[in-house]
Number of protein chains: 2
Amino acid sequence: MDGARWLTPEQLRAWIRLEAVVELLPAVLDSQLQHDEQLTHFEYLVMAKLSESPEHTLRMTALAATTNSTLPRLSHVVSRLESRGFVERSPCPTDRRATNAHLTEAGWQKVVQTAPGHVETVRDYVIDRLTDEQVTQLDEIMQALLQKLDPENTLRRLP
Amino acid sequence: MDGARWLTPEQLRAWIRLEAVVELLPAVLDSQLQHDEQLTHFEYLVMAKLSESPEHTLRMTALAATTNSTLPRLSHVVSRLESRGFVERSPCPTDRRATNAHLTEAGWQKVVQTAPGHVETVRDYVIDRLTDEQVTQLDEIMQALLQKLDPENTLRRLP
DNA sequence: ATAAGTCTCTTGTCGAGACAACCTTTGCGT
DNA sequence: ACGCAAAGGTTGTCTCGACAAGAGACTTAT
């Protein structure tokens with residue numbers, strides 16, 4: 001155990017708590033969305049990002065990037081959403097390799113219907129627990145972490 | 001979308017970034033441990049908690065609590081660790097319903113061998129990205145969130 | 001005693017994501 | 001033009017975790 005730089009008690013405590021939050025928070029978000037709307041957090045995220053895009057449309061690659069996801073994962077999720085009528089696929093006219101994902105009217109309605117409850121959960125579990133100053137601090141801290149975690153939105157894996 | 005309290009731009013930005021970190025950080029930790037030691041982050045966490053306990057032993061329920069996990073999940077993971085010789089199960093003498101999970105010598109060696117690389121990853125991706133002041137802020141913020149996420153503070157005394 | 005209820009843990013099933021293999025299209029070098 | 005590598009997506013397989021159901025063991029009330 002020696003020979004490695006250890007953590008100070010303060011650092012260790014902060015880390016353990018961050019670890020716990022990172023473990024528990026996704027479960028809470030998933031749980032609310034699953035219970036109220038039969039949606040995964042990630043499924044909601046996909047539709048939310050589409051709803052913010054011009055024409056409610058994005059290429060699969062772009063959608064994968066904004067949702068911090070891989071293409072295979074996204075492809076599966078879009079298939080599910082497509083079978084439920086929330087999203088449509090269409091070949092991209094300018095590049096025949098590419099596929100556009102488009103939010104249907106039903107999908108838009110679903111997002112509109114889902115958003116308030118989701119935001120309320122986010123407020124309840126995160127935002128309302130913090131002072132305005134802490135929200136600012138949180139933003140800065142997460143930004144610092146993302147510079148390493150997600151330098152260019154491109155995650156490469158070495159086998 | 002109206003009728004619900006929305007988020008201010010500052011709050012929204014902080015949330016989106018927290019969302020990204022919560023999505024990406026577990027993948028990074030898992031990746032390092034999987035690549036270097038063929039361990040899941042959660043498997044490592046289980047063994048680490050055992051290694052910090054007296055006799056390197058904990059009851060399954062207590063272990064589930066300190067790892068923020070459910071009993072079924074833990075049971076499956078312990079089965080895997082047992083088949084790899086890192087953990088042993090034994091019936092609790094005082095309560096025959098209960099099961100004690102015990103870290104074997106091989107398990108202890110595995111933890112000792114794994115810890116430095118894991119800590120280094122934590123430093124690299126989290127601690128070293130932040131000022132001391134930010135570490136303190138992070139600790140306080142996470143503590144605030146855990147009051148809602150984990151009301152029964154699972155860092156209880158060990159039986 | 002004993003029956004009901006609770007605690008502790010395990011098992012089986014099912015859905016979701018990681019990873020690899022694959023196919024098609026595009027771009028690039030020569 | 002042609003051949004090859006890279007980009008864009010999809011599909012199949014396997015593992016892990018969620019959830020529900022179940023089997024023992026302890027507790028309590030009658």
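The sequence lines fix the lettering, A, B, ..., with proteins before strands; numbering per chain opens at 1.
- Going from atom CD of B:E23 over to atom C1' of C:dA18 covers 13 Å, rounded to whole Å.
- The residue among A:S31 and A:L71 whose nearest nucleotide of DNA chain D lies closer to the 5′ end is A:L71.
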_Run B:E140 and A:Q134 through side-chain hydrogen bond (donor to acceptor under 3.5 Å, both in side chains) and show every step you take._
CA-CA 9 Å; B:E140 287 165 358; A:Q134 283 181 314; 4.7 Å; no
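- Atom pair B:N100:CG and C:dT8:P shows a separation of 13 Å (rounding to whole Å applied).
- Screening A:L29, A:L25, A:V46, A:V28 for a side chain to side chain contact (heavy atoms under 4.5 Å, CB included) with A:H41, the sole residue that qualifies is A:L29.
- The backbone N or O of B:E55 lies less than 3.5 Å from a partner atom in the side chain of B:H102, making a donor-acceptor pair.
- Under a 3.5 Å cut-off, the side chain of B:T104 and the backbone N or O of B:F86 do form a donor-acceptor pair.
- Residue-to-nucleotide proximity on DNA chain C shows that, of B:H76 and B:A98, the 5′-proximal contact is made by B:A98.
- Here salt bridge (Lys or Arg N to Asp or Glu O under 4.0 Å) pairs that include residues 38-50 of chain A, with residues two or more places apart or in two chains, are A:E43-A:R80, A:E43-A:R84.
- For the residue pair A:E105 / A:Q109, a side-chain donor-acceptor distance below 3.5 Å is found, with atom types taken as modelled.
- A residue-by-residue look at A:A27 and A:P72 shows that A:P72 has its nearest nucleotide of DNA chain D further toward the 5' end.
- Between D:dT10 and A:R89, a contact under 4.0 Å exists linking OP1 or OP2 to a side-chain N or O.
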Please enumerate all protein N or O atoms sitting under 3.5 Å from an N or O of nucleotides 22-24 of chain D, with distances to 0.1 Å.
none

*In dot-bracket notation, what is the pairing pattern of DNA chain D, taking Watson-Crick (N1-N3 plus N6-O4 or O6-N4) and G-U wobble (N1-O2 and O6-N3) contacts under 3.5 Å, with [ ] crossing and | for other strands?*
||||||||||||||||||||||||||||||
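- Considering only side-chain N and O atoms, A:R96 lies nowhere under 4.0 angstrom from the phosphate OP1 or OP2 of C:dT24.
- Nucleic acid contact for A:S75: base, since at least one base atom lies under 4.0 Å from a heavy atom of the residue.
- Side-chain N/O atoms of A:R80 include one lying less than 4.0 angstrom from OP1 or OP2 on C:dG17.
- Comparing A:S69 and A:T94 against DNA chain C, the residue whose closest nucleotide sits nearer the 5' end is A:S69.
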